[in-house]
Protein chains: 2
Amino acid sequence: MRESPRFVDGYLLALLARASHAASAGFHARLKARGVAVPVWRVLATLQGAPQGVTVGELAGICLMQQPTMSKLLDRMEADGLVVRQRQGRSMRILLTAPGAALAAELVAEARAHEAVLLARHAGAAPALKALLRDLAG
Amino acid sequence: MRESPRFVDGYLLALLARASHAASAGFHARLKARGVAVPVWRVLATLQGAPQGVTVGELAGICLMQQPTMSKLLDRMEADGLVVRQRQGRSMRILLTAPGAALAAELVAEARAHEAVLLARHAGAAPALKALLRDLAG
DNA sequence: CCGCGACATATGAAAAGTCATATATTGGCC
DNA sequence: GGCCAATATATGACTTTTCATATGTCGCGG
């Protein structure tokens with residue numbers, strides 16, 4: 001009846017990783033069912049509502065990937081007709097194509113719906129939780 | 001002065017992922033400096049204090065990886081002399097070797113120290129946060 | 001105007017991860 | 001006892017990620 005003494009069950013970073021993983025699992029399954037990889041979704045979500053485009057480095061930072069990984073992901077997304085690259089100075093602005101924007105809009109709508117369910121389950125706690133998370137992300 | 005309208009800045013799953021990533025960044029940098037990959041650390045931390053061993057499937061679940069990924073990670077860790085496999089019935093019990101246990105103990109100590117700093121920065125909030133995260137992890 | 005350091009992105013070779021499926025082991029049923 | 005479905009792990013072909021570094025682009029001193 002005693003609590004498990006396992007280190008990883010109490011370790012904050014493990015709890016964060018586990019919570020993130022578990023909370024995302026449902027939506028990630030929907031993405032997979034639609035044939036959209038998680039990194040692709042992250043890029044689409046980031047570009048959604050950024051009509052002037054976002055640079056490769058910014059995308060990498062926001063999507064929590066490294067820059068070369070992002071460059072290659074963008075190669076594939078460009079090949080799939082989801083985004084275009086536009087050189088601007090020394091950086092590169094990444095923009096959604098029309099099909100890319102359409103897909104992004106659909107997925108963001110699904111994500112919002114999915115989030116609403118999650119938030120409903122944790123009714124009052126959401127704002128405080130989000131504030132804490134932002135703080136941790138500091 | 002208005003809040004950024006970027007979807008990803010308010011999306012719970014993105015906040016979770018970002019908080020997890022940011023909070024772990026410091027410790028992950030220390031791991032890298034010691035030449036220990038994050039997945040290796042997760043396995044060591046999980047096996048720490050499990051003298052009777054843990055199965056491959058359990059390890060995969062706890063470490064948030066897929067089973068074949070874990071099998072191959074264990075191949076490398078076994079080759080590096082950190083763990084041994086011991087067949088038990090149809091499953092496989094993974095045990096730390098002496099060097100593996102030594103490394104695990106060191107790293108867990110560092111992790112605890114690192115966590116203490118994080119928790120100190122968010123003094124009172126920690127228990128509530130951990131409870132919320134456990135809840136989210138369902 | 002040319003060259004040079006700084007910043008931004010791309011690329012090549014190697015490592016790790018993924019998906020589907022093969023192999024191994026057990027327990028139960030006839 | 002041998003066969004079969006169920007469970008646990010391993011493996012092979014392929015994709016993605018990573019690390020280090022190359023390439024490209026700007027701003028500036030001379």
Side-chain angles (χ1 to χ4, degrees), chain A residues 17 20-21 24-25 27-44 46-47 50 52-80 82-96, chain B residues 17 20-21 24-25 27-44 46-47 50 52-80 82-96:
Chain A
S20 176
H21 188 267
S24 297
F27 186 63
H28 288 180
R30 300 194 57 139
L31 286 175
K32 178 182 235 175
R34 302 192 51 154
V36 178
V38 172
V40 170
W41 151 240
R42 288 184 171 168
V43 169
L44 292 174
T46 304
L47 291 176
Q52 82 293 7
V54 176
T55 70
V56 176
E58 288 167 349
L59 271 177
I62 296 169
C63 298
L64 311 174
M65 311 185 210
Q66 312 203 259
Q67 174 266 313
T69 308
M70 182 54 73
S71 277
K72 289 175 187 185
L73 172 57
L74 291 172
D75 288 346
R76 287 173 255 145
M77 291 181 70
E78 194 169 25
D80 290 346
L82 295 172
V83 300
V84 292
R85 279 184 238 239
Q86 212 174 74
R87 182 166 281 288
Q88 176 162 333
R90 38 185 129 182
S91 34
M92 207 69 139
R93 306 212 76 81
I94 310 300
L95 303 161
L96 287 174
Chain B
S20 175
H21 189 267
S24 298
F27 186 63
H28 287 180
R30 301 193 57 140
L31 287 176
K32 178 182 235 176
R34 303 191 50 153
V36 177
V38 173
V40 170
W41 151 241
R42 288 185 171 166
V43 170
L44 292 175
T46 303
L47 292 177
Q52 81 292 12
V54 176
T55 69
V56 175
E58 287 166 350
L59 271 177
I62 296 169
C63 298
L64 311 174
M65 313 185 210
Q66 311 202 258
Q67 175 267 313
T69 307
M70 183 55 72
S71 278
K72 290 175 188 182
L73 172 56
L74 291 172
D75 288 347
R76 287 173 254 143
M77 292 182 69
E78 195 170 23
D80 290 347
L82 295 173
V83 300
V84 292
R85 281 184 236 238
Q86 209 175 77
R87 181 165 283 288
Q88 174 161 336
R90 41 187 124 184
S91 32
M92 208 69 139
R93 305 212 78 80
I94 310 300
L95 303 161
L96 288 174

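All chains are named by letter (A, B, ...) in the order of the sequence lines, taking the proteins before the strands, and each is independently numbered beginning at 1. Not measured: the values here are computed from a predicted model.
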Report task. Rounded off to whole Å, could you give me the CE-to-C1' distance for the B:M70 and D:dT11 pair? Result -> 17 Å
Report task. Calculate the interatomic distance between A:R93 atom CZ and D:dG24 atom P; express it in whole Å. Result -> 22 Å
Which donor-acceptor pairs under 3.5 Å do side chains of residues 61-76 of chain A form with protein atoms, sequence neighbours excluded?
residue	atom	partner	partner atom	Å
A:Q67	NE2	A:S71	OG	3.2
A:D75	OD1	A:R85	NH2	2.2

Report task. Confirm from the modelled atom types if B:Q67 and D:dA10 form a donor-acceptor pair under 3.5 Å, side chain to base only. Result -> yes
Query raised in the report: Where the side chain of A:M92 is concerned, which of D:dT9, C:dT18, C:dA10 is the nearest nucleotide?
Result: C:dA10
Report task. Using whole Å, report how far CG of A:L73 lies from C1' of D:dT17. Result -> 11 Å
Report summary line: Rounded to whole Å, the CG-P distance (A:L64 to D:dT18) equals 11 Å
Nucleotide N/O of nucleotides 24-28 of chain C paired with protein N/O under 3.5 Å:
none

Query raised in the report: OP1 or OP2 of C:dG17 less than 4.0 angstrom from a side-chain nitrogen or oxygen of B:T69, does that happen here?
Result: no
Query raised in the report: In whole angstrom, what separates A:Q66's CD from D:dA20's C1'?
Result: 12 Å
Report summary line: Those residues at least two apart in sequence (or on a different chain) that pass side chain to side chain contact (heavy atoms under 4.5 Å, CB included) with A:T55 are A:E58, A:S91, A:R93
Requested in this report: Whole angstrom is fine here: how far is it from CZ in B:R85 over to C1' in D:dT11?
Outcome: 12 Å
Query raised in the report: Among residues 30-41 of chain B, which contact DNA chain C at a heavy-atom distance under 4.0 Å?
Result: B:P39
Query - Qualifying residues under side chain to side chain contact (heavy atoms under 4.5 Å, CB included), relative to B:R87, sequence neighbours excluded - result: B:M92
Report summary line: Closest non-hydrogen atoms of B:W41 and B:V36, given as atom of the first, atom of the second and distance, are N-CG1, 4.0 Å
Quick one: which protein N/O atoms are closer than 3.5 Å to N/O atoms of nucleotides 13-15 of chain D? Pair and distance per line, please.
residue	atom	partner	partner atom	Å
D:dA13	N6	B:K72	NZ	3.3

Requested in this report: Could you state the atom-to-atom distance from CG of B:D75 to C1' of D:dT9 in whole Å?
Outcome: 10 Å
